[in-house]
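The block underneath contains the structure these notes are about, expressed in structure tokens.
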Amino acid sequence: MQAPAPGTHRCAMPGCTCLVGDTYIMCRPHWGIVPRDFQKELHKAFLFTPSAHKQRQIAEYAVALALESLSPSARHQRQVAASSLTTAH
């Protein structure tokens with residue numbers, strides 16, 4: 001596997017081969033899976049953390065949040081919430 005170009009790295013999602021700029025944690029499709037209410041704080045922490053180790057920890061947390069949001073129980077919660085918006089009371 002070829003090393004990423006300077007100023008880029010691979011998306012933090014395991015198995016993803018997309019390259020992203022160093023100011024990003026993930027590619028756009030995977031970042032979209034991270035719950036929106038966490039995105040701003042994760043991105044800010046990632047940008048202002050000089051330690052590569054801490055940046056990896058932030059990226060791992062973002063991956064965990066994304067994967068958790070895809071779990072069957074999280075999907076069920078979203079479906080219940082969505083159905084309650086369309087059901088007339």
Side-chain angles (χ1 to χ4, degrees):
M1 189 179 302
Q2 190 175 359
T8 66
H9 62 94
R10 297 208 187 285
C11 169
M13 185 62 72
C16 184
T17 59
C18 289
L19 293 178
V20 297
D22 281 344
T23 59
Y24 297 101
I25 298 172
M26 300 173 164
C27 64
R28 186 179 298 261
H30 285 126
W31 185 246
I33 301 169
V34 175
R36 201 173 283 282
D37 48 336
F38 289 99
Q39 288 179 353
K40 184 177 180 180
E41 290 303 315
L42 284 169
H43 189 244
K44 187 168 60 172
F46 186 80
L47 285 177
F48 296 106
T49 299
S51 160
H53 175 72
K54 282 287 194 189
Q55 284 185 332
R56 274 192 304 281
Q57 288 179 323
I58 293 165
E60 288 169 3
Y61 184 59
V63 167
L65 287 170
L67 294 175
E68 181 180 288
S69 76
L70 295 174
S71 73
S73 63
R75 279 197 305 270
H76 177 72
Q77 289 172 348
R78 285 194 304 274
Q79 288 168 347
V80 168
S83 69
S84 70
L85 295 175
T86 59
T87 305
H89 292 280

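All values below come from the heavy atoms of this structure, side chains included, with hydrogens, waters and symmetry mates left out.
Sorted by first then second residue, the salt bridge (Lys or Arg N to Asp or Glu O under 4.0 Å) pairs that include residues 50-63, not counting sequence neighbours, number zero. Residue pairs satisfying the salt bridge (Lys or Arg N to Asp or Glu O under 4.0 Å) criterion with at least one member in residues 38-52, sequence neighbours excluded, are listed as follows: E41-K44.
Residues M13 and F46 fall within the same hydrophobic cluster, defined by Ile, Leu, Val, Met, Phe, Trp and Tyr side chains chained together at heavy-atom separations under 4.5 Å.
For the atom pair CG of L70 and CG of L65, the computed distance is 11.0 Å after rounding to the nearest 0.5 Å. Atoms CG and CZ, from L19 and R10 in turn, are 5.0 Å apart once rounded to the nearest 0.5 Å.
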Side-chain polar contacts of residues 21-39 - donor-acceptor pairs under 3.5 angstrom, sequence neighbours left out - could you list them?
from	atom 1	to	atom 2	distance (Å)
D22	OD1	T8	N	3.4
Q39	NE2	W31	O	2.8
Q39	NE2	V34	O	3.0

